[in-house]
Amino acid sequence: MMKTVDASPEKLSQVMAAIPKDRPIVMLNMLKFREHALYPDGTSDCSGREAYRRYSQVAAKMVAQVGGNPGGWMGAVQGTLIGPDGESWDSILLVEYPSIQAFKRMLATPEYQACTVHRMAALEDSRLICTVKSDRAA
């Protein structure tokens with residue numbers, strides 16, 4: 001199974017274009033931490049969880065600045081009932097934004113961009129899934 005930590009610019013543009021601009025969104029983050037963080041310069045001065053905490057401290061402020069709720073919900077994964085064998089996650093995080101445009105504004109800020117070095121160092125694998133509340137039950 002391919003491990004992914006960052007969205008390609010093409011995928012980001014595709015999803016941004018498909019999401020209604022005026023609807024609140026919730027981002028589902030599925031996180032698998034490295035045992036030891038791995039920074040671009042090769043240093044590893046902390047665990048992946050600690051590096052993610054460093055990222056989260058800045059990212060939470062940036063989410064709030066664009067009107068989002070950075071503390072939507074976070075939980076430790078206890079097991080997967082339905083999913084591919086071998087795929088496992090350490091934590092699941094839900095982050096609310098007032099719109100996809102707010103999310104896009106956050107991504108463009110220099111402060112957010114600078115803190116992503118910690119996210120990249122922290123994660124072995126991840127998923128980021130954008131959701132929009134459905135008007136009806138599935």
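FYI, the numbering just counts along the sequence from 1. Note that the structure is predicted; figures quoted are calculated from it, not measured.
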Student: Provide the closest heavy-atom pair for S91 versus R49 in the form atom of the first, atom of the second, distance.
Tutor: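 For S91 versus R49, the nearest heavy atoms are OG-NH1, 3.8 Å.
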Student: How many angstroms lie between atom CG of D125 and atom CZ of R34, to the nearest 0.5 angstrom?
Tutor: 10.0 Å
Student: What residue pairs, at least two apart or across chains, pass ring pair (Phe, Tyr, Trp, His ring centres under 6.0 Å) with a residue in residues 79-99?
Tutor: Y97-F103
Student: So, do M120 and P40 sit near enough that their side-chain heavy atoms are less than 4.5 Å apart?
Tutor: no
Student: If hydrophobic clusters are built by linking Ile, Leu, Val, Met, Phe, Trp and Tyr wherever their side-chain heavy atoms come under 4.5 Å apart, do V117 and L107 end up in the same one?
Tutor: no
Student: Which pairs, with at least one residue in residues 21-44 and sequence neighbours excluded, count as a ring pair (Phe, Tyr, Trp, His ring centres under 6.0 Å)?
Tutor: F33-Y52, Y39-H118
Student: Compare every heavy atom of A108 with every heavy atom of Q113, then report the nearest pair and how far apart it is.
Tutor: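 Closest approach of Q113 to A108, heavy atoms only: NE2-O, 3.3 Å.
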Student: Output all residues satisfying salt bridge (charged side-chain N to carboxylate O under 4.0 Å, His left out) with E50, sequence neighbours left out; order by chain, then residue number.
Tutor: R53, R54
Student: Nearest heavy-atom pair of G48 and A122: which atoms, and what distance?
Tutor: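 That would be O-CB, 3.1 Å.
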Student: Give the table of side-chain donor-acceptor pairs shorter than 3.5 Å for residues 63-83, with sequence neighbours excluded, one pair per line with atom names and distance.
Tutor:
| from | atom 1 | to | atom 2 | distance (Å) |
| --- | --- | --- | --- | --- |
| N69 | OD1 | G71 | N | 3.1 |
| N69 | ND2 | E96 | OE2 | 3.3 |
| Q78 | NE2 | A76 | O | 3.2 |

Student: Membership question, hydrophobic clusters at under 4.5 Å side-chain separation (ILVMFWY): are L123 and L128 in the same one?
Tutor: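 Cluster IDs for L128 and L123 match.
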Student: Go through the structure and list residues passing side-chain contact (heavy atoms from CB on, under 4.5 Å) with S13, not counting sequence neighbours.
Tutor: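 None.
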Student: State whether the side chain of S47 and the backbone N or O of E35 hold a donor-acceptor pair below 3.5 Å, judged by distance alone.
Tutor: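 Side chain of S47 to backbone of E35, a donor-acceptor pair under 3.5 Å: no, none is there.
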Student: Report the residues that fulfil salt bridge (charged side-chain N to carboxylate O under 4.0 Å, His left out) with R105, sequence neighbours left out, ordered by chain and then residue number.
Tutor: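 With sequence neighbours excluded, R105 shows a salt bridge (charged side-chain N to carboxylate O under 4.0 Å, His left out) to no residue whatsoever.
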Student: For T43, give me all partners under side chain to side chain donor-acceptor pair (under 3.5 Å), at least two apart in sequence or on another chain.
Tutor: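 Listed in chain order: D41.
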Student: Not counting sequence neighbours, which residues clear side-chain contact (heavy atoms from CB on, under 4.5 Å) with K61? List them please.
Tutor: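 Testing K61 for side-chain contact (heavy atoms from CB on, under 4.5 Å), a comparison that skips the adjacent residues, returns none.
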Student: If you take all heavy atoms of V15 and C130, which pair is closest and at what distance?
Tutor: CG1-CB, 4.3 Å
Student: Is it the case that the side chain of T116 and the backbone of R119 share a donor-acceptor pair, with hydrogens and angles ignored and the cut-off at 3.5 Å?
Tutor: no
Student: Using residues 21-30 as the side-chain source, report each donor-acceptor pair under 3.5 Å to any protein atom, sequence neighbours left out, with the distance given to one decimal.
Tutor:
| from | atom 1 | to | atom 2 | distance (Å) |
| --- | --- | --- | --- | --- |
| K21 | NZ | M16 | O | 2.8 |
| R23 | NH2 | K133 | O | 2.4 |
| N29 | ND2 | M27 | O | 3.4 |
| N29 | ND2 | L93 | O | 3.3 |

Student: My understanding is that only residues two or more places apart in sequence, or in another chain, count here; which of them pass side chain to side chain donor-acceptor pair (under 3.5 Å) with S88?
Tutor: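 Once residues adjacent in sequence are excluded, the partners of S88 under the side chain to side chain donor-acceptor pair (under 3.5 Å) criterion are K32.
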Student: So if you build clusters from Ile, Leu, Val, Met, Phe, Trp, Tyr with side-chain heavy-atom gaps below 4.5 Å, do I129 and L94 land together?
Tutor: yes
